[in-house]
Amino acid sequence: MTRASRRSGRPGRPGGPGGPGGSSTPGAPDPSSASSACSASAASTPSAASTPCGTSTPSGASSTSAPGAPDAAEPPERARTRSRWHAAAALLVLVGAAFLAHDHWPVIEAGADRLAVADRGWLLVGATAAVSTWVSSALAQQGAVAQPLPGGRLVAVQFAASAANHVLPAGIGAGAVNLRFLTRCGLPVARSATALAVKTVAGAVVRGVLIAVLALACPGVLRVPHVPAVAVAIVLAVGAAIAALLSGPLRRATRAVLADVRAVHRQPARAAALWGGSLAFALLHASVVVAVTQSLELPLSPALVALAYLAASGAAALLPTPGGIGSLDAALALALTLAGSPAATAASAVLGYRLLTVWLPLLPGLFVLGLLVRRKTL
């Protein structure tokens, strides 16, 4: 074999297999085409994978999807089944809201009649404060989570969560909606539940501090009712028994929440968002009641009204009803009456507060909830 023929038989050279004008063996892999395919595949592979909330996962991180996140290779049958379940859940919430509104329709009608002669300017202030509560709730939720969340969708989720919370017992509706949203954003279920617990603890602490401050500003208003010693002993015994039965899970949950609280306070921006949002949420809800009482010319100072609302909402939390409806209404009407308001005016103030925070936003909130479910945000 001559030197020229040996040179022409080398791969990649002109005249050889794979080179221009060369003949390749049928069925043999082409090195140049394989190399170009690999380079094209590498070029087309993104460095970060997008999550449903618009955040990104580093290329070195695990590609395991979050619980509840849609699978890219999900079969069409499974996708249709998931869509049917989403539609059924949204319909169930809508039906529950319709029954709830039907049962309370006399209350809604009476409240509307009483508020028809109220000061429209103060009612507008109350409506603005009610809308702002969703923004403050979104701020507090962002503070409890390390990764950035999409702001617009986070506020929409709080709006939808408030509607769901008026159908299910206290906190369950809002907790379920927020938990679903956080898992859709890529957080594990345990981490999402801990973030919700951190937000709840911050809200309870803020509410307690506000009650203490306002009680000092309005001395003699809050009086601790007399409770029989037998009732106190029974409550303590039941609490101790429950704590003993759930000592392991409670201890683990408490450690997880405390670890997240410490992590929050290592980042000043997160701590400011958590505590600032929680404080604004409580103050804005109290401001709705204050604005309604001002519109009805109720003869109580704003600080006294805010104290009555915070104390009533804390007492209503002991009796979990959907959105506190019934328990909060009775507690707030009683608190305003004990503070010096006429009973009829106190009832009108409670009805006005419910109209601004529950009944008027209910249908738009359910619409947003269904839209978020349909768009796979929830």
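These figures come from a predicted structure and were not determined experimentally.
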Heavy-atom nearest pair, Ala195 first then Val145, reads CB-CG2, 4.0 Å
Single-linkage hydrophobic cluster, 4.5 Å side-chain cutoff, Val206 and Leu310 together
yes
Please answer: with hydrophobic residues joined when any side-chain heavy atoms are less than 4.5 Å apart, are Val131 and Val290 in the same cluster?
yes
How far apart are the closest heavy atoms of Leu336 and Ala349, and which atoms are they?
CD1-CB, 4.1 Å
Can you see which heavy atom on Ala118 is nearest to which on Leu296, and at what distance?
CB-CD2, 3.9 Å
Check whether any side-chain N or O of Ser341 sits under 3.5 Å from a backbone N or O of Thr337 as a donor-acceptor pair, and report yes or no.
no
Contact summary for Cys185 and Pro150, nearest pair of heavy atoms
SG-CD, 4.4 Å
Of the non-hydrogen atoms in Ser192 and Leu187, which two are nearest, and what is the gap between them?
OG-CB, 3.3 Å
Do Val373 and Val157 belong together in a cluster built from hydrophobic side chains that touch within less than 4.5 Å?
yes
Criterion side chain to side chain contact (heavy atoms under 4.5 Å, CB included) on Val177 and Leu378, from CA distance to verdict:
CA-CA 7 Å; Val177 171; Leu378 296 177; 3.8 Å; yes
Roughly how far, to the nearest 0.5 Å, is the CZ atom of Arg374 from the CG atom of Leu369?
13.5 Å
What distance do Gln142 atom CD and Lys199 atom NZ have between them, rounded to the nearest 0.5 Å?
11.0 Å
If Ile, Leu, Val, Met, Phe, Trp and Tyr residues are connected whenever their side-chain heavy atoms lie under 4.5 Å apart, and connections chain through other members, are Leu149 and Phe281 in the same group?
no
Who clusters with Val125? Use side-chain heavy atoms, under 4.5 angstrom, across I, L, V, M, F, W and Y, and order the result by chain and number.
Trp122
May I ask you to list the residues sharing a hydrophobic cluster with Val135, side-chain cutoff 4.5 Å, ordered by chain and number?
Val155
Report the distance from atom CZ of Phe181 to atom CG of Leu372, rounding to the nearest 0.5 Å.
8.5 Å
To the nearest 0.5 Å, what is the distance between CG (Leu356) and NE2 (His285)?
11.5 Å
Taking all heavy atoms of Leu284 and all of Ser136, pick out the closest pair and write down the distance.
CD1-OG, 3.9 Å
Test Ser301 against Leu304 for side chain to side chain contact (heavy atoms under 4.5 Å, CB included), laying out the working first.
CA-CA 5 Å; Ser301 67; Leu304 193 55; 3.3 Å; yes
Using modelled atom types and a 3.5 Å cut-off, is there a donor and acceptor pairing between side-chain atoms of Ser137 and backbone atoms of Trp134?
no
Without hydrogens or angle criteria, can the side chains of Arg184 and Thr377 be said to hold a donor-acceptor pair below 3.5 Å?
no
If you measure from OG on Ser278 to CD on Gln141, what distance do you get to the nearest 0.5 Å?
9.5 Å
Is there a path of hydrophobic side-chain contacts, each under 4.5 Å between heavy atoms of I/L/V/M/F/W/Y residues, joining Leu154 to Leu179?
yes
If you define the side chain from C-beta out and look only at heavy atoms, does anything of Pro302 sit under 4.5 Å from Val305?
no
Parallel, tilted or perpendicular: ring planes of His265 versus Trp275, cut at 30 and 60 degrees:
tilted
Any donor-acceptor pair under 3.5 Å linking the side chain of Asn178 with the backbone of Ala174?
yes
Asp119 CG to Gln294 CD distance, which is reported to the nearest 0.5 Å:
9.5 Å
